[in-house]
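The structure presented is a predicted model; accordingly, all values stated were derived computationally and were not measured.
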Amino acid sequence: MKKMTKLILLMVSIFCIGMLSGCSDPQDELMILMVKGDLDAMYLNQFDEAYLNMCDMTKEEGEQWYAEGIEYDADYFAYYWGISDDSSVYYDDLEQGLKDAIYKICDTISKQAKYEVKSAAQQDDGSYSVKVVLQPMDIMQQANELYETYEPLLTFWEENENVDYEAISDEEYLAFCNEYGYLIVDMVNEVLPNLGYLEEKSLNIQVELIDELWTTNEDDLANFHQHNIVYP
């Protein structure tokens with residue numbers, strides 16, 4: 001079969017809102033506000049007035065960046081579950097209805113993020129290390145456990161066990177991926193109401209002065225994202 005196994009990747013889908021406007025003498029509380037504002041924007045699609053002023057952006061611009069982030073998550077979701085791949089069927093090739101359903105799942109999951117920005121401390125190099133306590137979400141672990149026994153999927157594989165995936169046309173294979181994708185969506189939606197949380201993790205996010213702007217470190221945000229939604 002063509003790339004229909006679940007993929008376990010370290011790739012993190014991430015978008016960075018952290019274009020933080022500068023302050024000549026920032027205090028710890030300001031660093032906490034910056035990081036909390038970034039996380040609220042990225043995961044909850046929430047923007048308070050102080051954060052918008054700090055970033056010199058409108059709520060509409062923030063919401064657009066949030067939507068772009070969810071699109072990245074949706075792309076990764078499809079790739080992880082084998083709905084799309086990196087050679088035959090890309091995320092953009094999928095039916096719009098399927099992409100909308102995946103987007104809705106990722107949007108719902110994102111807004112269940114739980115974290116608390118605890119403290120900030122200035123480092124020797126002048127940057128700030130901001131401590132965040134995160135509750136990682138277990139939804140993909142639950143979906144993985146269901147995958148092997150999910151009856152609609154078992155029926156789907158049984159009905160297609162004799163298909164020569166190398167011989168069928170590109171159109172037939174795309175239709176196959178779309179059909180499979182809707183089943184994955186249904187499966188994840190079945191466990192979504194039971195979304196739970198794993199053991200808390202304490203992470204540090206650096207805020208550093210770059211080109212006279214205080215900016216959250218992209219690698220630290222990517223690390224946070226990887227721990228927020230755990231893909232087994």
Short question: side chain of E95, backbone of N178 - any donor-acceptor pair under 3.5 Å? no
With no hydrogens and no angle check, is any side-chain donor or acceptor of Q123 less than 3.5 Å from a backbone partner on A121? yes
For a quick test of reading the model, state the closest non-hydrogen atom pair linking I32 to S119 and the distance between them. CD1-CA, 3.8 Å
Heavy-atom donor-acceptor pair, N189 side chain to V185 backbone, under 3.5 Å: yes
Q112 CD to Q135 CD distance, which is reported to the nearest 0.5 Å: 11.5 Å
Pair Y51, D38: side-chain N/O donor-acceptor within cut-off below 3.5 Å: yes
Should the pair E116-K118 be classified as a salt bridge under the 4.0 Å nitrogen-to-oxygen rule? yes
Single-linkage hydrophobic cluster Y173~W157, side-chain heavy atoms < 4.5 angstrom: yes
Do the non-hydrogen side-chain atoms of Q141 and L198 ever get within less than 4.5 Å of each other? yes
Transitive ILVMFWY side-chain link Y80 to V230, under 4.5 Å: no
Begin with the C-alpha distance, continue with both residues' side-chain angles, and end with the deciding distance and a verdict on side chain to side chain contact (heavy atoms under 4.5 Å, CB included) for L98 and I83. CA-CA 10 Å; L98 176 56; I83 303 168; 4.1 Å; yes
Considering only heavy atoms from C-beta outward, does the side chain of W81 approach that of M187 to under 4.5 Å? yes
Return yes if some donor-acceptor pair links the side-chain N/O of Y150 with the main-chain N/O of I184 below 3.5 Å, else return no. no
Which pair of non-hydrogen atoms, one from D75 and one from Y91, has the smallest distance, and what is that distance? OD1-CB, 3.4 Å
NZ (K131) and CG (L203) are apart, to the nearest 0.5 Å, by 10.5 Å
List the atom of I70, the atom of S110, and the distance in Å for their closest heavy-atom pair. CD1-CB, 3.7 Å
Nearest 0.5 Å, what's the CH2-SG distance between W65 and C55? 8.0 Å
Are any side-chain N or O atoms of D211 and backbone N or O atoms of L213, one a donor and one an acceptor, separated by less than 3.5 Å? no
Please assess L153 against Y180 for the test side chain to side chain contact (heavy atoms under 4.5 Å, CB included), listing each intermediate value before the final yes or no. CA-CA 8 Å; L153 273 177; Y180 168 76; 3.9 Å; yes
Under the salt bridge (Lys or Arg N to Asp or Glu O under 4.0 Å) test, residues paired with E208 that sit two or more places apart: none
Could you tell me whether the side chain of Y66 reaches within less than 4.5 Å of the side chain of M42, counting heavy atoms only? no
Closest approach of L154 and E148, non-hydrogen atoms and distance? CD2-O, 3.6 Å
Check: Y90 main-chain N/O paired with D93 side-chain donor or acceptor under 3.5 Å: yes
Working to the nearest 0.5 angstrom, can you tell me the gap between L94 CG and Y182 OH? 9.0 Å
Looking only at heavy atoms, the pair that brings G126 and W214 closest together is O-CH2, 3.4 Å
For a side-chain contact (heavy atoms from CB on, under 4.5 Å) with F224, tell me which candidate from D219, V35, L134 qualifies. L134
In terms of side-chain heavy atoms, does Y79 have a donor or acceptor partner in D86 at a distance below 3.5 Å? yes
Flag the pair D100 and K104 as a salt bridge only when some basic side-chain nitrogen lies within less than 4.0 angstrom of an acidic carboxylate oxygen. no
Check: N144 side chain, M140 main-chain N or O, donor-acceptor pair, under 3.5 Å: yes
What's the verdict on side chain to side chain contact (heavy atoms under 4.5 Å, CB included) for I139 and I105, showing C-alpha distance, side-chain angles and the deciding distance? CA-CA 11 Å; I139 186 63; I105 285 175; over 6 Å; no
pair D170-V89: side-chain heavy atoms closer than 4.5 Å: no
Test side chain to side chain contact (heavy atoms under 4.5 Å, CB included) on D73 and I102; report intermediate values, then the result. CA-CA 9 Å; D73 282 348; I102 295 173; over 6 Å; no
Hey, are Y115 and D40 close enough side-chain-wise for a donor-acceptor pair under 3.5 Å? yes
Minimum side-chain heavy-atom gap M34-Y128 below 4.5 Å: no
Backbone of D220 reached by a side-chain donor or acceptor of N217 within 3.5 Å: yes
Closest approach of Y43 to A113 (non-hydrogen atoms, all atoms of both residues): CB-CB, 4.0 Å
Which class fits the ring pair F176 and F156: parallel under 30°, tilted 30 to 60°, perpendicular over 60°? tilted
